[in-house]
Amino acid sequence: MNNLQLHSLNTPNGLKVIIALAEIGVDYDYHQIDISKGEQFTEEFLQISPNNKIPALIDLQGPGGKKFSLFESGAILIYLAEKFDSPLLPKDAEFRYNTLVWLMFQMSGVGPMFGQANHFINTAPEKIPYAIERYTKEAQRICKVMDKRLSQVTYLAGDSYTLADIACFPWLEFYERDLGLSEYQHLSIWYKHILERPTVSKIFQGLNN
Ligand SMILES: N[C@@H](CCC(=O)N[C@@H](CS)C(=O)NCC(=O)O)C(=O)O
């Protein structure tokens, strides 16, 4: 049994952690939580994720050598990068805080807004034009913010790939399929760049097979 036990699913929030673990190169055990079957509401899962959402992580060798569990994908990414001393959370102060800025931007903006856009476009039982327009426009606005940022820097936090890129990428992957990214020149380049990373392409090829 590995120390790290990931309880998750192949959704954008779940994939962030799967990508980070692959980039760091650490072994873990995977427990799939099928949210379409309500498995996020079991007592066992609520003990590690009281907000009934994936992903959640248990570290059998957490702080102080004790078992520790955490939820919220952004917190899990920071935990893993710090635990394994990964450059995905840079040491340089400016670069580190820029990583956190763009990670928070993902957690508060990209995830919730793209998630609602995806819901109202693809899964809502009725098509509600107001909701589709509201969240599509917000997702487009967010893409413009990212596109502008990526006209100035290669990766969201600066010169190299960090947790911020990992957190945003799976959402952009869904966006590319739903709405297309071609109108965002710099964001499209960033997207292709990340998709070409061996770790990332392996994960997404696995999903599409
Ligand atoms: N802010 C949370 C959001 C997690 C989240 O929304 N997870 C979704 C799947 S992507 C979920 O588990 N939904 C199940 C539910 O809402 O019942 C995070 O980033 O971890």
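Just so you know, ligand 1 is whichever comes first in the structure, and atom 1 is the first atom listed for that ligand.
Partners of Q140 by side chain to side chain donor-acceptor pair (under 3.5 Å), not counting sequence neighbours: none found. For the side chain to side chain donor-acceptor pair (under 3.5 Å) test, no residue two or more places apart in sequence or in another chain qualifies with R134.
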Check residues 159-169 and write down every donor-acceptor pair under 3.5 Å in which the side-chain atom is one partner and the other belongs to a residue at least two apart or another chain.
{"unit_1": "Y161", "atom_1": "OH", "unit_2": "E23", "atom_2": "OE2", "d": "2.8"}
{"unit_1": "T162", "atom_1": "OG1", "unit_2": "A164", "atom_2": "N", "d": "3.2"}
{"unit_1": "D165", "atom_1": "OD1", "unit_2": "L156", "atom_2": "N", "d": "3.0"}
{"unit_1": "D165", "atom_1": "OD1", "unit_2": "W190", "atom_2": "NE1", "d": "2.8"}
{"unit_1": "D165", "atom_1": "OD2", "unit_2": "T162", "atom_2": "N", "d": "2.9"}

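Sorted by chain then number, the residues whose non-hydrogen atoms approach ligand 1 to under 4.0 Å are T11, N13, K16, I35, Q40, F41, N52, K53, I54, P55, E72, S73, M107.
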### Message
Could you walk me through whether T11 and N13 satisfy the side chain to side chain donor-acceptor pair (under 3.5 Å) test, starting with their C-alpha distance in whole Å, then the side-chain angles of each, then the deciding distance to 0.1 Å, before giving a yes or no?
### Response
CA-CA 6 Å; T11 66; N13 287 316; 5.4 Å; no
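Using bins of under 30°, 30° to 60° and over 60° for the plane-to-plane angle, the ring pair F174/W171 lands in the tilted bin.
A donor-acceptor pair under 3.5 Å links the side-chain atoms of D59 to the main chain of Q61, judged by distance alone.
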